[in-house]
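First the structure, in the form of C-alpha cells, and then the observations on it.
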Number of protein chains: 2
Amino acid sequence: MRVTIADVARRAGVSKATVSRVLNGKADVDADTAQRIREVIAETGYVPSSRAVGLARGRTRTVGMLVPSLTWPWIGDVLQGVVDVLEADGYGVLLYTCTRGEESLRRFAEQVSGSAFDGLLVIEPENTLDYIAELHRKGLPVVLIDDRGHHPEFPSVATTNRDGGAAAARHLAATGRHRPAVVTGLAHFGCVRDRTEGFAEAAAAEGLLLDPQLVVEGDFTEESGRAAVGKLIASGKPFDAVFAHNDLTASGVLRALHEAGRRVPEDVAVIGFDDIQLAAHTEPALTTVRQPMREMGEAAAGLLLSHLEGVPVSPAPFILPTTLVVRGSSTPQ
Amino acid sequence: MRVTIADVARRAGVSKATVSRVLNGKADVDADTAQRIREVIAETGYVPSSRAVGLARGRTRTVGMLVPSLTWPWIGDVLQGVVDVLEADGYGVLLYTCTRGEESLRRFAEQVSGSAFDGLLVIEPENTLDYIAELHRKGLPVVLIDDRGHHPEFPSVATTNRDGGAAAARHLAATGRHRPAVVTGLAHFGCVRDRTEGFAEAAAAEGLLLDPQLVVEGDFTEESGRAAVGKLIASGKPFDAVFAHNDLTASGVLRALHEAGRRVPEDVAVIGFDDIQLAAHTEPALTTVRQPMREMGEAAAGLLLSHLEGVPVSPAPFILPTTLVVRGSSTPQ
DNA sequence: CTGAAAGCGCTTACAG
DNA sequence: CTGAAAGCGCTTACAG
C-alpha cells in the first residue's frame, strides 16, 4: 500500500542507500541520479516513515512537553510559543499533563523510558522537580519553563520576578500610595520569594510602609484573593494598595474590596501579576506585571533545540523581562 | 546502553519471541517462564522502545491533534479533555497548530504522510475541511471537534447550537425583554446559522420582535462586539437585549454599551455563548450559553479510540447539550 | 559516486 | 509452550 524507500529505489534503478542519500541531502551523489530520484519521489508522493527513520537514527525529532494542567489561563500562550518554534524546525510536540496525579506521571515515565521523544520541556507539576532532575542526569535534554525560583542544575527560562515586584512597589509610590498590602502565592515557590523581596526592597527605598501583618499568603486562586482581603480588613490596619502575586488572586481581591465597599482605585489600588486575558476585563481593568508567556515558550524551545543539536547550553536560567502594564485598578482613567 | 528485549531474553534464558509474548500478555506461556521473565524485566527496568514497537506493529499508539490556535480561550479545556482520555488508554498526543498558515499545514501534511500518528482529532482551522476530508477518505481515522455545522462525512462532536440560541431567546422573554438584537459570528459558520435560527424561532414563539436590522454580523472578536453596538445604536431602532454569538463578542458589547451610557442589565440585557473563564469576570458578569468544552474533548477522544480499536463509529455528529448560565448581565442580582 | 549488508528493536507467522 | 527467521522501513559504515 504505502510507498517505501525500496519502491522508490526500484523505480529509479538505484539502491536504497542512494535514495537515502538524496533524502538526507548528503553530498557525493551524481547530479543526474539525484535528479531522477527526486522525480520518482515527486511522482510517487513518497514520504519517509517517521517510525522507521526514528528507529534507524535513534532519535524521533519529537519533543515532550509536560504541564501540570492545560486549563490554566497562561498555559496556552506558553504552548503556542513552544509549538511555533519547534514546528518551524520540523519537530513534533508530544503533550503530557498531570491532572490525573500519580497515574499520569506513571504513564509519562513509561513514555520517557520508551524514548518516545528526544528532549523535554516542562512547566513543573508540584513536587516533580527531583524526578525531572533525575531524567536530566540520566541524559535526557530538559528545559524547565518558569523555574519558580528553584534554580535547578539544568537549563531553564524564567522572568524577572524580583524586578516585577519592585516595579509594582515603585508604581504605587509614584501614584501616591503609602500603605501597601501584599497577597502572595504559595510561600515555598521561589518566584513568590523573589516577588516579595523585590517588592519589599523597592517599597523600603521609596519610603512605603510595609507592615508584615499586611502580607498575607495566598495560593494563586481567586478565592485566596477574596479570603486575603477578609484578613486584611479584619486586621484593622489601614492599607491603600494591594499587590497580588497573580491576576487570578488580584481578581478575587477586586471583588472582595468591592463587596466591602472599598473603591478601586480611589480607596485602594490593586496590582496583579501575569497579565492574563482576564486582567484587561476586570472592573476596573487590572494594572499588572506582565510576564511574556509566549516568549518564554519560544525561548525554552529554542534552548532545547540547541541542546538537541549539540550546542552546549548553560544551566544558568535564561531570564526574560517583566513589564508593568498600567490600567484602571491603580490609577483613575 | 539501553536495555533491549535481546538483553532480557538472554538473562532469562529464553528467546526474544517469548519475552515479547509476556510483554504483550499473550496466553500460552508457561507460568514459571513468564514469572522469570517478569523478574528480569523488573530488575533491569526494561521498557520496550516505542519506536521499535511502532515500526513492527505499524501503529504508534499516538494521536494527532490539530488546532487553529492554542491561545483561544476555550482550546485549553478541549485539550485537557482529549489528553485525559487518551492518556488513560496509553496514547500519546501530538500537537499541531496552524498559526503559521500554509507553512504549518505543509509541516503537518508531512507528519501525516510519514504516519507519525494513528488517528487525528481536529478543531478545524479555516478552510481546511476539504483537506481533512481527504485524509479521512485515504483511511486516516478522524474526529472533528465543533463541526461548525459543516456536517462532514466523518465522525464529529458538536453541541446543541440551535437549542442554545433558543434558550437565550426564551430567557430574554421570561425576564421581560421585548426587542432583542443579535451580534452573530461569521455568517458562513454552520454554528452561527444554527444559533441564529434557534434564537429567531424561539423569539417568534415567545412573541419577541426580532427586527432584521438589529441582527449584525460579527467575527467572534471583542472588537466586533464593540463595533456592532455602534451600528445598533446608529440604526436608531430601540433594543433592550443583545444576544452575542460568543463571550468575547459579548464582552465587547458590554463595554460599548457602558461607554454609550446604557445600563446593563437595566436598559439592555446581554447574553453570550461559550462560558469561557472571562464570562464570570465581566462587569456585570455575563449570562451565557455554556458549551461543555472539556466534555467535547473527552467525547471526541473516546470516539477516536473506538475507531482505532476497530469499533465502527457513526458519521452522525455526537451532540452535547448546551446549558444556560444566568448571571448579572441579564437579571439584576 | 554507488551498492550490499548489517543494524535499529521490536512482532509475528511458521514449525515443532 | 517455545524458538528461528523474516519483516517493519529506514540509515550507516564498509568496500569498491
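Scope of the values below: all heavy atoms of this structure, side chains included, with no hydrogens, waters or symmetry mates. We name chains A, B, ... by the order of the sequence lines, and we start the count at 1 in each one.
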Review point. Backbone N or O of Gln80(A) within a donor-acceptor pair of the Arg294(A) side chain at under 3.5 Å?
Key: no

Point to revise | Residues which pass salt bridge (charged side-chain N to carboxylate O under 4.0 Å, His left out) with Arg107(A), listed by chain and number, not counting sequence neighbours | key: Glu103(A)

Review point. Contact class for Asp30(A) vs. all strands (heavy atom < 4.0 Å): base, sugar-phosphate, or nothing?
Key: sugar-phosphate

What residues form a side-chain hydrogen bond (donor to acceptor under 3.5 Å, both in side chains) with [X], not counting sequence neighbours?
| X | value |
| --- | --- |
| Asp30(B) | Thr33(B) |
| Arg137(B) | none |
| Arg36(A) | none |

Review point. Can you check whether Ser15(A) has a side-chain N or O nearer than 4.0 Å to OP1 or OP2 of dT2(C)?
Key: no

Check your understanding: Is the phosphate of dC1(D), meaning OP1 or OP2, less than 4.0 Å from a side-chain N or O of Thr18(B)?
Key -> no

Review point. Who are the side-chain contact (heavy atoms from CB on, under 4.5 Å) partners of Arg11(A), not counting sequence neighbours?
Key: Val40(A), Glu43(A), Thr44(A)

Point to revise | For Ser15(A), all residues meeting side-chain contact (heavy atoms from CB on, under 4.5 Å), sequence neighbours excluded | key: Ala17(A), Thr18(A)

Check your understanding: Which stems, defined as runs of 3 or more consecutive Watson-Crick or G-U wobble pairs with both pairing distances under 3.5 Å, involve DNA chain D?
Key -> C:1-3 with D:14-16, C:5-12 with D:5-12, C:14-16 with D:1-3

**Study point:** Sugar-phosphate or base contact per nucleotide [nucleotides 9-15 of chain D; S, B, -; heavy atom under 4.0 Å]
**Key:** BBSBB--

Exercise for review: Identify, with sequence neighbours excluded, every residue that meets ring-ring contact (aromatic ring centres under 6.0 Å, His included) alongside His307(B).
Suggested key: none

